[in-house]
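We name chains A, B, ... by the order of the sequence lines, and we start the count at 1 in each one.
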Amino acid sequence: MALVLFNTMTGRKEPFAPREPGVVRMYVCGPTVYNYIHIGNGRAAVAFDVIRRWLQFRGFEVIYVHNYTDIDDKIIRVARETGETVRAIAERFIAAYEEDLAALGVLEPTHRPRVTEHIGPIVDLIRRLIERGVAYVRDGDVYFRVQKFPEYGKLSKQPIDRLLAGARVEIDAAKEHPLDFALWKRSEGDVAWDSPWGAGRPGWHIECSAMSMHYLGATLDIHGGGQDLIFPHHENEIAQSEAATGVTFARYWLHNGHVTVDEEKMSKSLGNVVLVRDVVREYGGRALRFFYLNTHYRQPLRFHREAIASARSAVERLDGAVAALNHALPGSVPGEAPAALLEALRAIEADFTAAMDDDFNTPEALTAMFALVRTAHAVAQDPGRTRGAVEAVLARFRRLDAVLGLLSAAEDVAPADVLALVAEREAARRARDFARADALRAEIRARGYAVEDTPEGPRLKRVSRS
RNA sequence: GGGAGCAUCGCCAAGCGGCAAGGCAAGGGUCUGCAAAACCCUCAUCCCCGGUUCGAAUCCGGGUGCUCCCUCCA
């Protein structure tokens, strides 16, 4: 079995093989940092995090670049409104972004380049495009000459003439052609850099071309982003990059589907933007991550309370299985894991692998995880369980969760006061003072923990009732 | 007007020609001082109409409904 993935460029699933054996070069368009991210941005981050993790699981070295667009019209606008500097706003929202992604269990990329720190490569790329005659200068602005790139539209499958018909393309007298787009915009003040064409700043698309090629070379293996980036952003990236280098820019284009809220696209005008941090606060980051992973990354995803609450319950079940194993470990008998168990674990991993190899089918991979949950409880409840058996199941959980990233990282040790209440309740139960025991259970619950009585003694579980 | 998708149990969701995964919720049972957790059992012929096929949720045609892109956007 080999990994196949859906390539937007060809419109079908293809076997995946990186250009250089063993090494995957991957670039995913990052946020423009002028606001807190919403759950759609979060989905993209999680989707490509899992893709990256799966490639690593499969033994590839992954060089993963995820950029920050820290200079842009939108940031400048916010700066004007708040009186802050562009730089301060960018810093603030980069920090917020990293906080949000950490809550979602997203691993750090290999490189996190910022546009403002790569003006040199951007200017170089624009210079090459001008030299080749595919870009032109107009009064301090530089535009890409779309008609000089015959393949324009190949990713979005939209012929140039169709793009014009019916579309509201901004008419700008400075441009030779309505579809020409800015590579460099004349500007002044604290948001301008020197260039051969005068002071200015990069246009909207050039940074991704310049930074991805700066870190990964002229040809990347995987380029990803939300499906709304297909046109014009990625189309323009292809045009700029390939016009400059003459070689294929990205070999596989991956795009995640959109998140809608109550049937509608999130937008500020509708007032239905849901922020990652708000969902994290109410349901926890892992619940949101599960919510994402429960749907294939290319499918549309509708956000609503019932779905996210269901995800939270599912994560608690996953936690419960690991907790049961940990709890069962001390009482297990010395010995190796039975062969039948090892075979069952292998079968579960085979199912998991087949699912992930099929265009990163995380919903099916989760099915395998829940098979592991059932196995875990069967082992944990077996009075004759061996230490080897418990450890084998735990090891498999850790191994598969390295891909999904759903289990809580730290062992959750309850605070001393809660532990004292648990001990008190046990004493009451032994004395058959059940009224007192129940009162103590309610008290523990109020502090955020549920007590479960097991043959091994009471077990605590963190609860997230809101 | 052009382009890309989607429609499967109360909710979410896999499935890509051969007896309809999984999660959440629900009902019954076991266990428990009672619970909780867990375990067992129950719970769908796949939007509609045609067609292809021995056989279709899966392919083709036609409807209907919905989403996204063509404008900054994950």
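- Only F370(A), R374(A), H377(A), listed by number, bring a heavy atom of residues 370-378 of chain A to less than 4.0 angstrom from any atom of RNA chain B.
- Out of rG33(B), rA74(B), rA37(B), the shortest distance to the side chain of R432(A) is found at rG33(B).
- In this entry the distance linking CG of D319(A) with P of rA38(B) reads 11 Å, nearest Å.
- Across all strands shown, rG29(B) is found opposite rC39(B) as a Watson-Crick or G-U wobble partner, with both distances under 3.5 Å.
- For the pair L440(A) CG and rA35(B) P, the interatomic distance rounds to 19 Å; values are reported in whole Å.
- Which of rC34(B), rA74(B), rC72(B) sits closest to the side chain of D453(A) comes down to rC34(B).
- Counting only heavy atoms from C-beta on, R317(A) has its side chain closest to rG23(B) among rA74(B), rG23(B), rA37(B).
- Remark: rG50(B) base-pairs with rC60(B); criterion is Watson-Crick or G-U wobble with both hydrogen-bond distances under 3.5 Å.
- Of the listed nucleotides (rC34(B), rC24(B), rA74(B)), rA74(B) has the atom at the smallest distance from the side chain of H258(A).
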For nucleotides 13-17 of chain B, list the nitrogen or oxygen atoms of the protein found under 3.5 Å from its nitrogen or oxygen atoms, one pair per line.
{"from": "rA14(B)", "atom 1": "OP1", "to": "H296(A)", "atom 2": "N", "distance (Å)": "3.0"}
{"from": "rA14(B)", "atom 1": "O3'", "to": "N361(A)", "atom 2": "ND2", "distance (Å)": "2.9"}
{"from": "rA14(B)", "atom 1": "O2'", "to": "E364(A)", "atom 2": "OE2", "distance (Å)": "2.5"}
{"from": "rG15(B)", "atom 1": "OP1", "to": "N361(A)", "atom 2": "ND2", "distance (Å)": "2.8"}

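- For rC9(B) and rC46(B), the C1' atoms lie 10 Å apart once the distance is rounded to whole Å.
- Nucleotide rC73(B) has no partner under the Watson-Crick or G-U criteria, as no pair reaches both atom distances under 3.5 Å.
- Put simply, the side chain of H38(A) and the base of rA74(B) share a donor and an acceptor less than 3.5 Å apart.
- Summarising the base pairing, rA21(B) is matched to no nucleotide, lacking a Watson-Crick or G-U wobble pair whose two defining distances lie under 3.5 Å.
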All N/O contacts under 3.5 Å from nucleotides 43-45 of chain B to the protein, with atom names and distances to one decimal?
none

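- The aromatic rings of W253(A) and H234(A) are tilted relative to each other, their planes meeting at an angle between 30° and 60°.
- Across all strands shown, rG5(B) is found opposite rC66(B) as a Watson-Crick or G-U wobble partner, with both distances under 3.5 Å.
- Atom pair L229(A):CG and rU71(B):P shows a separation of 14 Å (rounding to whole Å applied).
- Pairing partner, rC34(B): none, since no Watson-Crick or wobble contact has both distances short of 3.5 Å.
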